[in-house]
Colleague: 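Mind having a look at this structure? Questions to follow.
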Amino acid sequence: MTTTTKTQSVSKVLSRQGFVVEANPIEGIHLRATVEFEDGTIGLVWAIEDTMRVLLLNDSEKATVGSKLKPLHRQVAIDCGEHLLGQTVDSLARPLDAKTKATAGQALPVFNLAPSFYERAVVDAQLETSVSLVDTLFPIVKGQRIAVLGDAKSGKTTFLSQAAIHQAQNDCIIIYVVIAKAKHSVEKLKYRLYQSGALKNTVIVVADSFDALPLSFLAPYTGCTIGEWFWHTGRDVVVIYDDLSNHAKIYRELSLLLRTNPGREGYPGNMFYTHSSLLERAGKFKKSGFSQTVLAAGTTPNGDITGYFPTNLISMTDGQIVFDLETMRKGIKPAVNIGLSVSRVGGRSQEPEIQELSARVMEVLAGYRQASSFARFGSQLSEVAAKQLKLGAKLYELFAQAPDQAFSLAEQRVMLETIFLTNDIDSLNVGWLKSVIHDVVKYDLKTTSDYKALAKELIKSNPVVK
């Protein structure tokens with residue numbers, strides 16, 4: 001015998017527990033639709049069974065038992081448009097700055113579908129981050145999805161902000177989604193973007209640690225939707241999620257409160273789909289050539305990338321850049337673990353000469369790590385190992401980069417050519433090289449001969465280190 005639940009166009013609250021409301025089902029209502037309560041409170045329809053479960057998106061004490069609610073929108077949607085640039089907004093794209101008035105734009109569904117296969121083009125253009133180590137060894141491609149993993153305080157956010165600033169200064173739209181971070185971290189990020197002039201091309205979506213769980217859950221989807229509006233209107237977009245491990249914890253807590261059957265480590269069974277459907281919304285359009293790139297940060301406690309969440313994130317992205325506290329303790333910044341990091345599609349964005357240069361750098365750094373392990377025990381090194389040790393030390397000195405330093409791809413290549421063409425590597429002054437490179441690389445370098453000729457001129461001008 002099948003029990004039929006009576007539906008209606010207006011419903012009443014049957015029970016409430018925190019931000020979870022149970023009500024009678026509304027006729028024709030869909031999952032992820034929005035409803036409005038008598039006092040104007042907005043709710044998100046999460047589940048429809050014998051009763052309808054609604055998640056409150058506003059902090060309201062008036063949505064009590066017996067109060068009425070009615071359908072609002074078929075899907076939860078936000079207003080997108082140019083007016084969002086330079087603003088900090090919440091998970092419903094409402095301005096958080098008290099001086100800024102909400103402006104209507106084009107309403108787009110938050111839970112949008114990813115572009116279909118036939119709409120996509122092969123991603124093959126490099127996205128500059130201005131961080132030499134990443135651009136050389138693990139290049140990011142426009143339209144790529146890449147994970148940025150590492151322990152807390154290992155330099156992930158610093159790298160993400162460097163990449164965001166560099167791209168925003170080159171007229172790319174940045175959507176920076178901050179999930180469950182302290183307010184002072186958000187203010188610090190805003191100040192850096194403002195000081196660099198990048199804020200005018202940036203939208204910051206904030207779900208801080210004090211926001212309700214449903215709002216925090218919506219944050220990355222809102223950021224992605226805002227990015228899609230700019231992407232569809234003919235702009236290159238970079239969306240940064242900082243970070244998705246916090247989002248996974250929020251979703252786990254939300255699911256447990258909703259009495260969803262838990263899976264591995266308490267996460268819900270659809271945890272993989274929740275993030276993969278979000279990351280799939282990156283790519284490059286075949287018709288216009290514009291792209292949406294995703295940098296998805298994730299925390300790896302104690303540097304363990306084999307846990308449930310890191311392996312999930314790695315399996316749904318096109319590579320990972322791993323930051324390592326042990327590397328940082330050696331004085332290497334950015335503290336990228338070269339052995340664990342990889343960009344699976346990055347090579348296709350580099351010219352053959354750059355690929356060859358990158359392979360040589362990787363080979364030298366591998367030899368440097370091996371030689372340094374022998375040198376620690378006072379072993380006598382061969383001539384080749386000693387040379388690799390010196391050359392590797394110079395490369396690490398070159399790759400050491402402060403947060404306010406930025407180098408273009410051409411500048412990076414000239415500096416690498418200078419190091420490899422120097423016969424007396426001990427005498428090379430890398431600090432001087434980095435200080436003058438902006439002034440030197442001003443004309444158009446086209447061929448390998450151009451780069452090598454400029455590198456040789458720098459070697460002649462090099463103030464010898466004594």
Side-chain angles (χ1 to χ4, degrees), residues 19 29-37 40-46 54-60 69-115 173-181 186 190 199 201-208 210-235 237-242 244 246-247 250-251 254 274-275 277-282 292 294 296:
F19 54 80
I29 200 79
H30 293 271
L31 291 177
R32 294 177 174 173
T34 54
V35 294
E36 185 178 22
F37 292 80
T41 300
I42 306 299
L44 170 65
V45 177
W46 187 262
V54 178
L55 306 182
L56 297 179
L57 300 180
N58 301 79
D59 187 14
S60 171
L69 60 152
K70 60 182 180 180
L72 187 61
H73 297 295
R74 189 179 179 86
Q75 287 192 59
V76 57
I78 57 171
D79 287 330
C80 300
E82 292 279 348
H83 66 279
L84 293 175
L85 289 177
Q87 292 198 38
T88 302
V89 299
D90 68 4
S91 299
L92 294 176
R94 299 172 300 197
L96 292 176
D97 188 348
K99 298 178 182 178
T100 305
K101 293 183 179 180
T103 306
Q106 182 182 357
L108 292 178
V110 166
F111 298 103
N112 208 353
L113 295 177
I173 300 298
I174 305 297
I175 313 298
Y176 203 114
V177 184
V178 184
I179 308 169
K181 297 276 188 178
V186 179
K190 286 173 62 177
L199 190 59
N201 283 333
T202 304
V203 182
I204 304 175
V205 181
V206 177
D208 65 37
F210 295 101
D211 280 345
L213 291 179
L215 275 179
S216 297
F217 174 78
L218 286 178
Y221 298 96
T222 297
C224 187
T225 301
I226 295 171
E228 283 172 338
W229 186 88
F230 288 101
W231 184 20
H232 284 263
T233 53
R235 302 287 291 273
V237 179
V238 177
V239 183
I240 298 172
Y241 302 121
D242 189 12
L244 283 187
N246 286 342
H247 185 258
I250 287 165
Y251 186 43
L254 184 64
T274 300
H275 283 161
S277 61
L278 174 68
L279 298 180
E280 277 296 319
R281 291 162 69 176
Q292 177 159 287
V294 167

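What you see is a predicted model, and the numbers here were worked out from it, not measured in a lab.
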Colleague: Under the side-chain contact (heavy atoms from CB on, under 4.5 Å) rule, collect the residues that match up with Asp90, sequence neighbours excluded.
Modeller: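 Asp90 satisfies side-chain contact (heavy atoms from CB on, under 4.5 Å) with Leu92, Arg94, Leu96 once adjacent residues are dropped.
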Colleague: Once side-chain contact (heavy atoms from CB on, under 4.5 Å) is applied, do any residues pair with Val35, and if so which ones, sequence neighbours excluded?
Modeller: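 Per chain and number, Val35 pairs via side-chain contact (heavy atoms from CB on, under 4.5 Å) with Ile26, Ile29, Phe37, Val45, Val54, Leu69.
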Colleague: Who are the side chain to side chain donor-acceptor pair (under 3.5 Å) partners of Gln106, not counting sequence neighbours?
Modeller: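 Expected list: Trp229.
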Colleague: Go through the structure and list residues passing side-chain contact (heavy atoms from CB on, under 4.5 Å) with Thr225, not counting sequence neighbours.
Modeller: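 For Thr225 the side-chain contact (heavy atoms from CB on, under 4.5 Å) partners, ignoring immediate neighbours, are Ile78, Cys80, Leu108, Val110, Glu228, Arg281.
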Colleague: Measure the spacing between CZ of Phe111 and OG1 of Thr222 and express it to the nearest 0.5 Å.
Modeller: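 These two atoms lie 8.0 Å from each other.
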Colleague: Tell me every residue that passes side-chain contact (heavy atoms from CB on, under 4.5 Å) with Ile173, counting only those two or more places apart in sequence or in another chain.
Modeller: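 In terms of side-chain contact (heavy atoms from CB on, under 4.5 Å), with neighbours along the sequence ignored, Ile173 is linked to Leu85, Ile175, Asn201, Phe230, Arg235, Val237.
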Colleague: Identify, with sequence neighbours excluded, every residue that meets side chain to side chain donor-acceptor pair (under 3.5 Å) alongside Arg74.
Modeller: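 Expected list: His30.
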Colleague: Are Tyr241 and Asn246 close enough, and set up right, to give a side-chain contact (heavy atoms from CB on, under 4.5 Å), and what steps lead you there?
Modeller: CA-CA 10 Å; Tyr241 302 121; Asn246 286 342; over 6 Å; no
Colleague: Could you tell me which residues satisfy side chain to side chain donor-acceptor pair (under 3.5 Å) with Tyr176, sequence neighbours excluded, listed by chain and number?
Modeller: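 If we apply the side chain to side chain donor-acceptor pair (under 3.5 Å) test to Tyr176, skipping adjacent residues, the hits are Asp242.
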Colleague: State which residues pass ring pair (Phe, Tyr, Trp, His ring centres under 6.0 Å) with Tyr251; sequence neighbours excluded, sorted by chain then number.
Modeller: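 Testing Tyr251 for ring pair (Phe, Tyr, Trp, His ring centres under 6.0 Å), a comparison that skips the adjacent residues, returns Phe217.
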Colleague: Where do Trp46 and Leu254 land on the side-chain contact (heavy atoms from CB on, under 4.5 Å) test, with the steps shown first?
Modeller: CA-CA 11 Å; Trp46 187 262; Leu254 184 64; 4.2 Å; yes
Colleague: Looking at residues at least two apart in the chain, or sitting in another chain, which of them share a side chain to side chain donor-acceptor pair (under 3.5 Å) with Glu36?
Modeller: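 Scan of Glu36 (side chain to side chain donor-acceptor pair (under 3.5 Å), adjacent residues dropped) gives none.
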Colleague: Name the residue from Val205, Leu55, Asp211, Leu57 that meets the side-chain contact (heavy atoms from CB on, under 4.5 Å) definition with Leu218.
Modeller: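 The passing option is Leu57.
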